[in-house]
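Structure first, then comments.
Per chain, numbering begins at 1; letters A, B, ... match sequence-line order. Side chains included, hydrogens not; waters and symmetry mates left out as well; all remaining heavy atoms used. Model, not experiment: these values are computed from the prediction.
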Amino acid sequence: MIKLVRGFKDILPADTALWQYVETTLRELLEDFGFAELRIPILEQTELFARSIGANTDIVEKEMYTFADRKGDSLTLRPEATASVVRAYIQHKLYAKDPVWKLYTIGPMFRRERPQKGRYRQFYQINAEVFGLHDPRADAELILLLMTFMRRLELSGIVLHINSLGCPECRPRFKESLKSFLADRSEQLCSDCLGRRDKNPLRIFDCKVPSCKESMQDAPSILDYLCHACQNHFFTVKEILDRFNIPYEINHSLVRGLDYYTRTTFEALAGALGAQDAVAGGGRYDGLVKALGGPDQPGVGFAVGVDRLTELLAGRAQGLEKRPDIFIAAIGERAQDIAFQWVQDFRLQGVRAEIDFENRSLKSQMRRADKFGASYVLIAGDRELDSKAAVLRNMTTKEQKEIPIQDLIGLVVNTIKTSITGSE
RNA sequence: GUGGGUGUAGCUCAGAUGGUAGAGCACCGGGUUGUGGCCCCGGCGGUCGAGGGUUCAAGUCCCUUCACUCACCCCA
């Protein structure tokens with residue numbers, strides 16, 4: 001048997017309703033916030049990711065699905081979406097019409113990591129990106145959007161972490177003092193962190209090795225090194241979150257793995273998920289557009305992990321599945337033939353109708369109708385055809401009434417539609 | 001890439017010391033003339049992850065391998 005590739009997964013019908021629910025909920029919210037959808041390819045030139053994410057990040061160094069196409073170009077299945085959105089913003093000169101754009105995109109990402117709970121080699125993200133705005137209200141608005149979304153999904157236990165990583169003005173000063181802090185601490189650091197010390201010292205804040213954590217206790221905090229502009233920016237973001245009653249924790253060790261972040265970074269964490277607990281993350285990337293060859297326009301964005309979100313909502317799939325409004329139980333060839341016509345007629349009227357082609361006993365068909373959760377069953381056999389009236393059974397009240405075959409569709413559709421609106 | 005755990009029916013799992021593969025759920029059918037859920041009865045369904053070895057005999061013991069899973073790492 002051919003099985004799916006390691007780390008990939010099928011999303012089966014039992015779960016797709018939940019996925020659709022998550023996607024449409026966020027989609028509607030994004031559009032209320034003024035975002036427009038952008039659809040981008042999942043394949044890009046490798047260089048795009050190397051230059052945006054950072055050549056010496058783990059993602060680029062060892063997690064990308066990269067291959068040479070037949071012409072020899074190096075292509076990569078995207079490990080994240082922001083780089084592509086920025087590429088599109090630049091390539092189509094969107095900034096020329098207006099530097100400010102609010103864009104969202106939905107789709108799969110690919111990273112070749114070791115799979116585990118909440119981590120797949122193909123995973124789905126919904127990305128929101130804002131271009132052209134330096135104003136901290138843009139950052140805050142995104143966080144507001146994200147947390148409103150979490151609230152709308154009725155997710156509790158989501159913790160928001162925020163931090164500021166400074167800018168090219170102030171971050172180098174912090175890095176220097178961090179380096180000198182680490183210089184005489186080689187014994188306390190784990191082997192991974194010793195490597196990070198040169199490449200990307202900020203990452204040491206993320207390390208979970210106890211001795212590293214301990215020695216980082218007295219490490220300098222980026223927040224003490226922010227320049228005036230960055231301080232004010234961060235202050236305003238916090239102020240807005242306070243004003244809108246969005247609780248948050250300042251986490252000065254929240255550095256995030258992608259090189260392009262500046263100033264605000266944030267993550268939404270769900271404790272219930274296990275080790276892979278980030279359901280959303282994002283931040284500001286003011287230098288990225290320019291670094292990729294575009295104009296000097298700032299950007300802010302976030303990504304939501306749909307796999308992890310649906311995992312959190314797993315218990316809530318019941319109410320979401322679609323049940324037929326009506327099941328037609330037809331007994332005998334003649335009835336089956338007419339019933340087949342009826343099902344199609346119902347469907348054209350917007351009524352969810354189902355039928356069984358097997359011509360089984362009425363009992364079987366009733367069981368089937370019940371299994372599907374049909375609200376009504378229309379019973380038709382020789383008896384009904386002769387008397388020119390089929391039987392409509394309400395499956396919850398068990399009430400049955402005869403419906404003249406002449407105007408059957410209209411009468412039944414009417415009954416169903418009024419019963420739906422009446423019950424809500 | 002590194003560790004731990006687990007692979008028996010579609011699903012959840014039993015099968016001490018080796019001796020002809022089980023249950024519940026699900027599915028299909030039946031329980032007198034054409035009416036669902038509950039209940040009762042019956043049926044379908046497994047090369048016990050794969051390959052090799054030990055043995056008269058292996059789901060069970062040994063080796064190899066693969067997959068899944070959790071954690072490290074990294075991150076959505």
Would you classify [X] as touching base, sugar-phosphate or nothing, given that sugar-phosphate means primed atoms plus P, OP1 and OP2, and contacts are heavy atoms under 4.0 Å?
| X | result |
| --- | --- |
| A:Ala369 | nothing |
| A:Phe327 | nothing |
| A:Gly274 | sugar-phosphate |

Please measure how far the [atom1] atom in [N] lies from the corresponding atom in [M], and state the result in whole Å.
| N | M | atom1 | answer |
| --- | --- | --- | --- |
| B:G43 | B:G5 | P | 41 Å |
| B:C73 | B:U54 | P | 45 Å |
| B:C11 | B:C68 | C1' | 16 Å |
| B:A50 | B:C66 | C1' | 7 Å |
| B:A58 | B:G51 | C1' | 15 Å |
| B:U12 | B:U69 | P | 12 Å |
| B:A21 | B:G46 | P | 14 Å |
| B:G49 | B:C38 | C1' | 39 Å |

(message) OP1 or OP2 of B:C68 versus the side-chain N and O atoms of A:Arg6: is any pair under 4.0 Å?
(response)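 For A:Arg6, the contact criterion (side-chain N or O under 4.0 Å from OP1 or OP2 of B:C68) is met.
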
(message) Does B:G34 have its OP1 or OP2 closer than 4.0 Å to a side-chain nitrogen or oxygen of A:Ser361?
(response) no

(request) Could you note down all residue pairs passing side chain to side chain donor-acceptor pair (under 3.5 Å) where residues 373-383 of chain A supplies at least one of them, sequence neighbours left out? (result) A:Tyr376-A:Ser419

(request) Report yes if a donor N or O on one partner sits less than 3.5 Å from an acceptor N or O on the other, where the partners are the side chain of A:Glu113 and the base of B:C72; otherwise report no. (result)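 No, the side chain and the base share no sub-3.5 Å donor-acceptor pair.
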
(request) Answer with yes or no whether A:Arg119 presents, from its side chain, a donor or acceptor under 3.5 Å of a partner atom in the base of B:C70. (result) no

(request) Show your reasoning for whether side-chain contact (heavy atoms from CB on, under 4.5 Å) applies to A:Leu103 and A:Glu37. (result) CA-CA 6 Å; A:Leu103 302 169; A:Glu37 186 179 10; over 6 Å; no

(request) Please figure out whether A:Gln276 or A:Arg121 has its closest RNA chain B nucleotide nearer the 5' end. (result)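 Counting from the 5' end, the first nearest nucleotide belongs to A:Gln276.
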
(message) Here's a test of your reading of the structure: between A:Arg111 and A:Pro115, which maps to the more 5' nucleotide of RNA chain B?
(response) A:Pro115

(message) Working note: A:Asp286 + A:Leu288, criterion side-chain contact (heavy atoms from CB on, under 4.5 Å); need CA distance, chi angles, decisive distance, verdict.
(response) CA-CA 6 Å; A:Asp286 287 345; A:Leu288 183 60; over 6 Å; no

State the pairing partner of [N]; accept Watson-Crick or G-U wobble contacts with both distances under 3.5 Å, and report none otherwise.
| N | value |
| --- | --- |
| B:G36 | none |
| B:A23 | B:U12 |
| B:C61 | B:G53 |
| B:U6 | B:A67 |
| B:G1 | B:C72 |

(message) One character per nucleotide, please: for nucleotides 35-50 of chain B, 5' to 3', B when the base has a protein heavy atom closer than 4.0 Å, S when only the sugar-phosphate does, - otherwise.
(response) BBB-------------

Salt bridge between [X] and [Y], side-chain N to carboxylate O under 4.0 Å?
| X | Y | value |
| --- | --- | --- |
| A:Arg87 | A:Glu44 | yes |
| A:Asp139 | A:Arg284 | yes |
| A:Asp242 | A:Lys238 | no |

Expected rows: protein N/O vs nucleotides 5-12 of chain B N/O, under 3.5 Å:
none

(request) Check whether the side chains of A:Gln297 and A:Tyr89 place a donor and an acceptor atom closer than 3.5 Å, and report yes or no. (result)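 Short answer, no.
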
(message) Please verify the inter-ring angle class for A:Phe8 with A:Phe110; under 30° counts as parallel, over 60° as perpendicular, anything in between as tilted.
(response)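 It falls in the tilted class, 30° to 60°.
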
(message) In terms of relative ring orientation, are A:Phe357 and A:Phe340 parallel, tilted or perpendicular, with 30° and 60° separating the classes?
(response) perpendicular

From [atom1] of [X] over to [atom2] of [N], roughly how many Å is that when rounded to an integer?
| X | N | atom1 | atom2 | result |
| --- | --- | --- | --- | --- |
| A:Gln365 | B:G29 | CD | P | 10 Å |
| A:Arg114 | B:A76 | CZ | C1' | 20 Å |
| A:Ile59 | B:C73 | CD1 | P | 16 Å |
| A:Phe357 | B:C28 | CZ | P | 16 Å |
| A:Asp307 | B:C75 | CG | P | 17 Å |
| A:Leu146 | B:A76 | CG | C1' | 11 Å |
| A:Gln125 | B:C75 | CD | C1' | 9 Å |
| A:Gln116 | B:C72 | CD | P | 6 Å |

(message) Between A:Leu292 and A:Gln91, does the side-chain contact (heavy atoms from CB on, under 4.5 Å) criterion hold? Intermediate values first, please.
(response) CA-CA 10 Å; A:Leu292 288 176; A:Gln91 181 176 343; over 6 Å; no

(message) Should A:Tyr124 be counted as stacked on B:A76, where stacking needs a ring-centre gap under 5.5 Å and an angle between planes under 30 degrees?
(response)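 One would not call A:Tyr124 stacked on the B:A76 base.
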
(message) Looking only at the aromatic ring of each residue, does the gap between the centers of A:Tyr260 and A:Tyr285 stay below 6.0 angstrom?
(response)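 Between A:Tyr260 and A:Tyr285, which both carry aromatic rings, the centre distance is below 6.0 Å.
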
(message) As a test of the definition: with a 90° window around 0 for syn, would you call B:A57 syn or anti?
(response) anti

(request) Going by the salt bridge (Lys or Arg N to Asp or Glu O under 4.0 Å) test, name the single residue among A:Lys371, A:Arg368, A:Arg347 that passes it with A:Glu354. (result)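 Answer to the salt bridge (Lys or Arg N to Asp or Glu O under 4.0 Å) test with A:Glu354 among A:Lys371, A:Arg368, A:Arg347: A:Arg347.
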
